[in-house]
Structures are given as structure tokens and as C-alpha cells.
2 protein chains.
Amino acid sequence: MDNLETLLQQHFANLEPDLRAELLQEATVKDLPEGEMVIRTGQYLKSSVLLLEGLLKVSRQDQEDHEFLMYFLEPGQACALSMLCAARQEQSEISAQAVSAARVLLVPMHVAERWLTKYPSWHTFVIGTYRERFEELLQTLDAVAFRSLDERLLFYLRKNQQVKGNQLRISHQQIAGELNSSREVISRLLKKLEQRGVLTLHRNFIELHQVG
Amino acid sequence: MDNLETLLQQHFANLEPDLRAELLQEATVKDLPEGEMVIRTGQYLKSSVLLLEGLLKVSRQDQEDHEFLMYFLEPGQACALSMLCAARQEQSEISAQAVSAARVLLVPMHVAERWLTKYPSWHTFVIGTYRERFEELLQTLDAVAFRSLDERLLFYLRKNQQVKGNQLRISHQQIAGELNSSREVISRLLKKLEQRGVLTLHRNFIELHQVG
DNA sequence: CCATCACAGTGACAAAAGTCACAGAACTGT
DNA sequence: ACAGTTCTGTGACTTTTGTCACTGTGATGG
């Protein structure tokens with residue numbers, strides 16, 4: 001597929017050409033409609049996930065109904081958690097969902113491992129992925145540990161803004177879920193933020209104003 | 001130093017002999033008295049930290065006085081965060097403190113990078129370090145995000161128990177700091193735990209009972 | 001056009017955690 | 001032995017967050 005090669009070149013420019021070629025051979029391409037789950041909690045992964053197109057939302061879940069937004073993945077990035085689970089042959093404790101229609105590459109575990117020694121650029125990529133996600137995670141941890149819910153809400157909205165723009169099509173219920181809070185509380189806090197002029201509330205979407 | 005080689009063999013058995021030899025040449029050994037900070041927030045790191053002996057406490061801090069226990073490092077382990085900061089030439093946002101007298105190896109950044117391609121076992125070690133710490137961090141995140149303070153307190157105590165044994169020499173104030181709470185609250189919760197028979201309170205130390 | 005449904009707003013109350021004030025107990029050095 | 005310090009316990013209060021109950025409102029589909 002011509003299109004595929006272009007995407008690879010565009011978003012994975014740092015990988016050496018040989019590796020890109022082998023990626024096309026060894027990896028499975030998968031197209032995901034909006035809303036589809038790529039990874040589910042409790043699943044055993046046997047592949048690493050690389051994102052070619054679209055937007056993925058990676059979140060943490062526990063036994064009960066709690067879920068929790070960790071970070072977004074954009075094209076050219078890989079899911080560190082998927083590598084981690086795959087490598088350990090353990091159950092996934094996270095889930096990934098396509099926020100918008102997405103196209104991913106699935107690299108089988110054993111291939112990914114082989115490449116680590118074969119291609120320096122792959123190795124760098126993997127290490128880089130861990131590093132980036134580690135930092136994201138630290139930020140999230142900070143927010144949860146040190147900030148109160150209203151600050152975290154703002155943090156959450158900004159994070160969404162970065163990848164989705166100013167118009168967020170999302171319900172209060174969903175937000176509550178991803179911040180592990182309850183709808184009523186989120187409603188109240190959003191109202192406050194509206195009064196402060198940070199955003200405007202509409203039915204089923206929130207309009208963020210530019211930062212002053 | 002003979003002792004040093006023994007320690008290396010003992011705790012870093014998975015590293016190939018050549019690498020262990022080179023470690024002795026290239027890395028700086030540093031002895032830390034109890035309580036000493038190895039890494040401070042805001043510092044620029046130029047080395048990765050490997051632990052040979054003793055116990056290190058790695059915590060996160062923010063601008064204000066908040067601090068936050070992330071995990072403990074035991075001999076044979078390396079600080080993933082130190083690798084991360086060093087590699088990025090960024091300011092450290094964490095701190096590491098010797099809980100008991102410790103001996104560490106400092107591997108200069110450029111050497112560590114060179115080894116990544118030179119020694120497969122080093123490469124495996126680094127990836128493994130990221131993975132382990134990633135998982136620890138996820139656990140911590142879970143605790144903070146989903147658990148209430150009394151559960152987190154228990155989680156914290158167990159974590160300490162694993163590395164320090166049943167007798168914890170620690171004040172309520174310190175605990176409060178590392179859980180980002182306040183002394184009074186911790187005192188009260190500890191009292192509850194004592195009533196439940198989980199532990200016994202003494203001045204400046206807490207005795208954990210065996211898990212039933 | 002109306003029944004249904006998801007979404008949003010709100011008041012009242014409960015629970016969890018943080019803050020303030022103070023007191024006593026145990027250690028420390030002189 | 002005594003003063004000073006650190007650690008701990010506790011009651012009263014506030015703030016933040018969660019829960020419950022109920023209302024309104026727009027969308028959608030027969």
C-alpha cells in the first residue's frame with residue numbers, strides 16, 4: 001500500500017529505511033472505527049501497538065468500575081504499556097480506545113524483541129517511548145497527588161484541548177468517569193469554570209476559551 | 001577493591017563479565033551515610049545511579065513543600081528516573097535519599113549510552129529497569145487515584161515493611177509528608193489501625209503485625 | 001405529537017480529609 | 001533535675017467531595 005509507506009515515512013522518520021520495510025512485512029495493519037477498543041483490561045497482549053493515524057486514549061482501570069485517563073497517543077507514538085504487558089506476558093491493566101478513527105500497526109512481541117538488537121533506531125525508539133510515557137505518567141501522578149479536583153479538571157480539559165481542539169464533545173458523565181469522580185461534582189465545578197470565563201457550557205460539548 | 005567485585009557479581013549477576021569489568025573502570029563509587037540525598041529536585045544529572053548496597057527512597061516533589069513516596073530501590077536495581085533525566089539533560093523532578101547507609105555506582109551518561117549498543121545485557125537491564133519502575137508507578141497511581149487515605153496508609157506501611165521489616169522507625173509527621181496529608185489525620189488513622197490490631201504504636205516507631 | 005431517554009442543574013445532606021488549638025508524654029542536653 | 005524540644009493524642013470546626021433525590025430540557029423515534 002502506497003498510503004501506508006507514506007504514513008510510515010511521515011510519522012516514523014527516525015526509523016531506518018530497512019526497519020520501515022520490515023515493519024511493513026511483519027506488522028499487521030488494523031483500522032479502528034471511532035470508539036473501538038484496541039486493548040481491553042484483562043487481555044493478554046502479544047503485540048506492541050504503533051499508531052499511524054488518528055487518536056488513541058489510554059486509560060487505567062481497576063477491578064471495580066473505576067477508570068482513569070492516563071494519556072493520549074498521537075501518530076508516530078507507541079503504547080509503552082502495550083510493550084510492557086507484551087514483554088511480560090501479563091494481563092493488561094490498561095485499556096486503549098480510538099477517540100477518532102485510527103490506523104495502528106501491531107508488531108508481534110518476538111519480532112519487536114529481535115529488532116531491539118538488530119536495529120539501533122528501533123532500540124532508541126523503544127527507550128524514547130518509555131521515557132515519554134514515564135514523564136506523562138509522572139505529570140498525571142502529580143495532578144492526582146497534589147492538586148484538588150477543580151485543578152485536575154482544568155488539567156484534564158487542557159490535555160483534551162491539546163489533541164482535540166477547543167470544542168470538546170464530551171458529557172459530564174464521561175469526565176467524571178475519567179477523573180474518578182461523580183457527575184454532579186463535575187457539573188458544579190464546570191459551572192464555576194464557566195463563571196470564571198474559562199469555558200462555555202453547551203449540551204454535550206464544552207467550548208474552551210483561549211488561555212489569557 | 002575485592003568487596004566491590006563481589007557486590008557486583010552478587011547483585012548484577014545478569015550483566016556479562018566484560019561489562020562488569022568496565023563498570024568498575026568507568027563508574028564512580030560513592031558511599032552514602034544514612035539520610036544523605038543522592039539526587040535533589042532541580043539538579044541536573046549527568047549519571048545513572050546503580051545501587052550496590054543499602055536502601056534508597058525515591059520520591060517526587062513539587063514546587064511547594066509537597067513530597068511524595070514513589071518507590072524504594074534495593075541493591076541490584078537502578079533508578080529509572082535518573083536515566084531518564086540524564087538522557088534528557090533535564091532538571092530532576094525527583095529526589096533520592098539513602099534510608100540506610102548505601103553504596104552506589106554512578107555511570108556517566110555518555111558511557112551508559114555507549115553500552116546500550118555494545119552490551120546486550122546492559123540493554124536488557126535498562127529496558128527491564130524502565131519496565132519495573134513503570135509498574136511500580138502504576139501501582140502508586142492506582143493507590144492515589146482509587147483508594148482512600150486509610151487504604152493508602154496501609155499500602156504505604158506494607159511497602160515500608162517489605163524493605164525495612166516490621167519495626168518502622170518513622171514519625172507520623174514523616175508519613176504525612178510522604179502521603180501528602182497532615183499529621184493529625186495520620187495519627188487518627190493509625191489509631192484506628194491499632195484498634196483493628198494491624199499494628200502497635202510506639203514513640204517514633206510503629207510495629208506492624210504479621211498479615212493474618 | 002407524545003413517550004422516552006440521555007444530559008444537565010441544583011438543593012440537601014453525609015462522609016472524608018484538612019486545619020486549629022491545645023495538652024500531655026517522652027526524649028535531649030546541660 | 002530541669003528546660004526545651006519533638007512526638008503524639010484529641011476535640012471542634014471548615015472545606016472538599018460524594019451521594020441522593022428530584023427537576024428541566026432538548027433529542028429522537030414511532
Side-chain angles (χ1 to χ4, degrees), chain A residues 34-35 62 64-69 140-157 160 167-208, chain B residues 34-35 62 64-69 140-157 160 167-208:
Chain A
E34 182 176 331
D62 73 349
E64 289 107 85
D65 54 344
H66 304 127
E67 115 170 280
F68 194 90
L69 173 67
T140 305
L141 183 63
D142 271 5
V144 183
F146 298 135
R147 307 296 162 203
S148 57
L149 192 52
D150 56 348
E151 290 175 290
R152 285 172 52 208
L153 176 57
L154 210 49
F155 180 77
Y156 169 88
L157 292 172
N160 274 270
Q167 316 276 324
L168 304 183
R169 322 210 134 269
I170 193 168
S171 76
H172 299 186
Q173 189 63 258
Q174 280 176 271
I175 300 179
E178 306 199 348
L179 290 177
N180 196 42
S181 175
S182 70
R183 183 191 59 80
E184 296 93 317
V185 175
I186 299 297
S187 277
R188 273 198 280 267
L189 293 179
L190 282 172
K191 255 305 180 239
K192 272 198 216 167
L193 289 176
E194 188 176 36
Q195 279 158 19
R196 280 173 42 197
V198 180
L199 45 78
T200 312
L201 294 174
H202 306 268
R203 186 185 175 77
N204 226 345
F205 86 97
I206 295 170
E207 190 184 351
L208 286 166
Chain B
E34 183 176 330
D62 74 347
E64 289 109 84
D65 53 345
H66 304 127
E67 118 170 277
F68 196 90
L69 174 66
T140 305
L141 184 62
D142 272 5
V144 182
F146 299 135
R147 306 297 163 204
S148 57
L149 191 53
D150 55 349
E151 290 176 290
R152 285 171 52 207
L153 175 57
L154 210 49
F155 179 77
Y156 170 88
L157 292 173
N160 273 270
Q167 315 275 325
L168 304 183
R169 322 210 133 270
I170 193 167
S171 76
H172 300 184
Q173 189 63 260
Q174 281 175 271
I175 301 179
E178 305 199 350
L179 290 176
N180 197 41
S181 173
S182 69
R183 185 194 56 83
E184 296 93 319
V185 175
I186 298 298
S187 276
R188 273 198 276 266
L189 294 178
L190 281 173
K191 252 314 179 227
K192 273 198 215 166
L193 289 176
E194 187 177 37
Q195 280 159 18
R196 278 174 45 197
V198 180
L199 45 77
T200 312
L201 294 174
H202 305 268
R203 186 187 174 77
N204 227 343
F205 88 97
I206 295 169
E207 190 184 350
L208 287 167

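Just so we're on the same page: letters track the sequence lines, and every chain starts at 1.
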Chemist: Does the plane of the ring in B/His66 sit parallel, tilted or perpendicular to the ring in A/Phe146? Use 30° and 60° as the thresholds.
Modeler: parallel
Chemist: Quick one: CD on A/Glu194 to CZ on A/Arg196, what's the gap to the nearest 0.5 Å?
Modeler: 12.5 Å
Chemist: Check the distance between D/dG9's P and B/His202's NE2 and give it to me in whole angstrom.
Modeler: 11 Å
Chemist: With nearest nucleotides of DNA chain C determined for A/Arg203 and A/Arg188 from heavy-atom distances, which residue corresponds to the more 5′ nucleotide?
Modeler: A/Arg203
Chemist: Rounding to an integer number of Å, can you tell me how far B/Gln174 CD sits from D/dT6 P?
Modeler: 13 Å
Chemist: Quick one: bend of the helix from C/dC1-D/dG30 to C/dT30-D/dA1 from 5 pairs per end, to 10°?
Modeler: 30°
Chemist: Measure from CZ on A/Phe205 to P on D/dA27 and round the result to the nearest Å.
Modeler: 12 Å
Chemist: Which whole-number value in Å describes the distance from A/Leu189 CG to D/dT15 P?
Modeler: 16 Å
Chemist: To the nearest 0.5 angstrom, please state how far the CZ atom of A/Arg188 sits from the CG atom of A/Leu193.
Modeler: 14.0 Å
Chemist: Begin with the C-alpha distance, continue with both residues' side-chain angles, and end with the deciding distance and a verdict on side-chain contact (heavy atoms from CB on, under 4.5 Å) for B/Ile206 and B/Thr200.
Modeler: CA-CA 6 Å; B/Ile206 295 169; B/Thr200 312; over 6 Å; no
Chemist: Rounded to whole Å, how long is the line connecting atom CD of B/Glu184 with atom P of D/dT14?
Modeler: 16 Å
Chemist: Could you check how far CZ of A/Arg147 sits from P of D/dT16, rounded to whole Å?
Modeler: 15 Å
Chemist: State the CG-CZ distance between B/Leu190 and B/Arg183, to the nearest 0.5 angstrom.
Modeler: 11.0 Å
Chemist: Base, sugar-phosphate, or nothing: which does A/Ser171 touch, judged by heavy atoms less than 4.0 Å apart?
Modeler: sugar-phosphate
Chemist: Chain B on DNA chain C: first and last contacting nucleotide, 5' to 3', under 4.0 Å to a heavy atom?
Modeler: C/dA17 to C/dC27
Chemist: Could you measure the distance from the CD atom of B/Glu178 to the CG atom of B/Leu153? Nearest 0.5 Å is fine.
Modeler: 11.5 Å
Chemist: For the pair made of CZ in A/Arg169 and C1' in D/dA27, what is the distance, rounded to whole Å?
Modeler: 14 Å
Chemist: Taking only the side-chain nitrogens and oxygens of B/Lys191, find out if one of them lies under 4.0 Å from OP1 or OP2 of D/dT10.
Modeler: no
Chemist: Given side chains that start at C-beta, do those of A/Leu199 and A/Glu207 come closer than 4.5 Å, heavy atoms only?
Modeler: no
Chemist: Roughly how many Å is it from CG in B/Leu193 to P in D/dG9, rounded to a whole number?
Modeler: 12 Å
Chemist: Check this for me: does the side-chain of A/Arg183 come within 3.5 Å of the base of D/dG18 through a donor and an acceptor?
Modeler: no
Chemist: What closest approach, in Å, do B/Phe68 and B/Val144 show between heavy atoms, and which atom pair accounts for it?
Modeler: CZ-CG2, 3.4 Å
Chemist: Supply the atom-to-atom distance B/Leu189 CG to B/Glu151 CD, rounded to the nearest 0.5 angstrom.
Modeler: 11.0 Å
